[in-house]
Amino acid sequence: MKLAMVGVGKMGRSILEGVLRSGFLSAGEIGVLDFPERTQQIAEQYAVNALNPEDLRRAERVLIGVQPKDFPALAPRIVHPNTGYISIMAGVSTTVLSRRLGTRRVVRAMPNVAATIGRSSTALTAPPEAEEAGDLEFARKLFATVGDIYDLPERLFNAFTGMSASAPAYIAVVAEALADGGVKQGIPRAQALKLAADVLVSTGELLRRKHPAVVKEEVASPGGTTIYGLAALEARSLRAALIEAVEAATIRGFALGEDE
């Protein structure tokens with residue numbers, strides 16, 4: 001078995017779908033382990049193997065997708081020799097992973113919810129032992145099936161989590177607020193929501209090609225409507241609020257990773 005997935009929530013399903021869609025692994029090379037009913041349902045839906053804890057010894061690598069608070073109790077049950085581990089748990093460092101799992105063959109990964117549509121930004125980091133064993137390269141190929149890969153030093157991981165992994169929620173709030181503004185001015189709700197989504201997608205494409213300041217300057221003509229809107233955002237400290245959101249989420253990442 002090439003990969004066992006332990007904890008298959010929304011993110012785990014997205015990764016599973018990406019792997020199968022891309023052909024990186026076949027269904028027969030993948031096993032899943034979750035609560036019994038969910039394990040069986042996922043195994044039947046995707047034609048992968050339903051696992052028991054003892055089956056993990058047959059896996060070359062294990063993807064850990066449980067909540068960080070559940071990891072200390074889970075770890076002793078999934079420790080097996082000659083196994084590599086890949087974690088998508090927020091805040092849990094490679095040091096903690098290595099200590100709990102008794103091996104340095106650990107990769108820490110942080111995808112975001114855009115994995116559900118194959119557009120995730122995923123950060124990866126690993127100690128040298130995981131790289132030498134091929135675990136890091138396997139993780140690169142695994143997460144490439146759901147988006148782009150970023151190799152980052154671990155000291156930046158919680159900042160990446162606070163910015164990139166959490167950002168879809170921040171941007172969703174911005175989109176909802178834009179739609180509310182449109183509704184306030186008389187645009188029907190459904191149309192306002194579509195307009196907000198469309199403008200965020202198109203602006204994202206522009207930002208891949210141009211610096212944010214350039215995009216802003218191209219839209220905000222002297223004395224025009226946009227500069228008045230920008231002034232209102234500055235008055236309400238939108239920039240400071242987003243910066244503080246990233247900082248707060250980063251700090252929370254460190255707190256989630258605290259381990260006795």
Side-chain angles (χ1 to χ4, degrees), residues 8-18 21 65 67 88-91 109-123 143 145-150 156-253 255-256:
V8 192
K10 183 178 293 184
M11 184 60 68
R13 282 178 183 250
S14 298
I15 295 167
L16 177 58
E17 289 174 0
R21 185 173 56 246
Q67 294 295 317
I88 57 172
M89 296 180 291
M110 182 47 58
N112 68 25
V113 71
T116 59
I117 58 171
R119 296 294 297 272
S120 176
S121 296
T122 301
F143 290 101
T145 68
V146 292
D148 297 327
I149 305 302
Y150 295 85
L156 296 179
F157 242 68
N158 287 326
F160 179 92
T161 302
M163 180 191 167
S164 180
S166 299
Y170 310 154
I171 302 305
V173 170
V174 171
E176 188 177 38
L178 283 172
D180 285 344
V183 171
K184 185 178 181 181
Q185 300 305 316
I187 299 175
R189 168 69 62 182
Q191 191 172 28
L193 286 169
K194 185 178 187 306
L195 285 168
D198 287 348
V199 75
L200 288 175
V201 170
S202 59
T203 303
E205 290 300 320
L206 284 171
L207 292 173
R208 286 178 174 269
R209 307 173 191 182
K210 301 178 181 181
H211 191 280
V214 173
V215 175
K216 182 192 73 174
E217 290 171 7
E218 288 180 347
V219 181
S221 57
T225 58
T226 303
I227 195 63
Y228 274 74
L230 287 169
L233 291 176
E234 293 291 353
R236 293 290 186 175
S237 301
L238 176 66
R239 291 172 186 260
L242 288 171
I243 291 169
E244 289 179 15
V246 173
E247 181 178 14
T250 300
I251 292 170
R252 179 58 179 163
L256 287 174

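On a predicted model such as this, the values are computed, not experimentally measured, just so you know.
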Considering non-hydrogen atoms only, spot the tightest contact between [X] and [Y] and give its length.
X: Tyr170; Y: Gly162; result: OH-O, 2.8 Å
X: Ile15; Y: Thr145; result: O-OG1, 4.4 Å
X: Met110; Y: Ala90; result: CE-CA, 3.5 Å
X: Val183; Y: Ala192; result: CG2-CB, 4.0 Å
X: Ile88; Y: Pro111; result: CG2-CD, 3.9 Å
X: Ala109; Y: Thr122; result: CB-CG2, 4.3 Å

| said: side-chain contact (heavy atoms from CB on, under 4.5 Å), that's the test. Do Tyr150 and Ser121 meet it? Break it down for me. | reply: CA-CA 7 Å; Tyr150 295 85; Ser121 296; 3.8 Å; yes
| message | Going by salt bridge (Lys or Arg N to Asp or Glu O under 4.0 Å), name the residues that satisfy it together with Asp198, two or more places apart in sequence or in a different chain. | response | Lys194
Distance (rounded to the nearest 0.5 Å) between [X] [atom1] and [Y] [atom2]:
X: Asn158; Y: Arg252; atom1: CG; atom2: CZ; result: 11.5 Å
X: Leu178; Y: Leu193; atom1: CG; atom2: CG; result: 10.5 Å
X: Met163; Y: Thr250; atom1: CE; atom2: OG1; result: 10.0 Å

| remark: side-chain hydrogen bond (donor to acceptor under 3.5 Å, both in side chains) filter on Gln191, not counting sequence neighbours, yields none
| task | Could you tell me which residues satisfy side-chain contact (heavy atoms from CB on, under 4.5 Å) with Ile171, sequence neighbours excluded, listed by chain and number? | result |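 For Ile171 the side-chain contact (heavy atoms from CB on, under 4.5 Å) partners, ignoring immediate neighbours, are Leu200.
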| message | According to side chain to side chain donor-acceptor pair (under 3.5 Å), does anything in residues 176-187 pair up with another residue at least two apart or in another chain? List the pairs. | response |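 Passing the test, one end in residues 176-187: Asp180-Arg189.
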| said: Listing request: all salt bridge (Lys or Arg N to Asp or Glu O under 4.0 Å) pairs with a residue in residues 222-233, at least two apart in sequence or in separate chains. | reply: none
| request: Please check if atom CE in Met89 has more than 12 non-hydrogen atoms from other residues, nucleotides or ligands closer than 6.0 Å. | output: yes
N/O donor to acceptor pairs below 3.5 angstrom from side-chain atoms of residues 204-226, sequence neighbours left out:
{"from": "Lys210", "atom 1": "NZ", "to": "Glu218", "atom 2": "OE1", "distance (Å)": "3.0"}
{"from": "Lys210", "atom 1": "NZ", "to": "Glu218", "atom 2": "OE2", "distance (Å)": "3.2"}
{"from": "His211", "atom 1": "ND1", "to": "Ala213", "atom 2": "N", "distance (Å)": "2.9"}

| Side-chain donor or acceptor of Ser166 paired with backbone N/O of Thr161 under 3.5 Å |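 Indeed, once roles are kept as given, a pair shorter than 3.5 Å links the two residues.
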| said: Is it the case that the side chain of Ser164 and the backbone of Phe160 share a donor-acceptor pair, with hydrogens and angles ignored and the cut-off at 3.5 Å? | reply: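 Here the side-chain-to-backbone pair does not exist.
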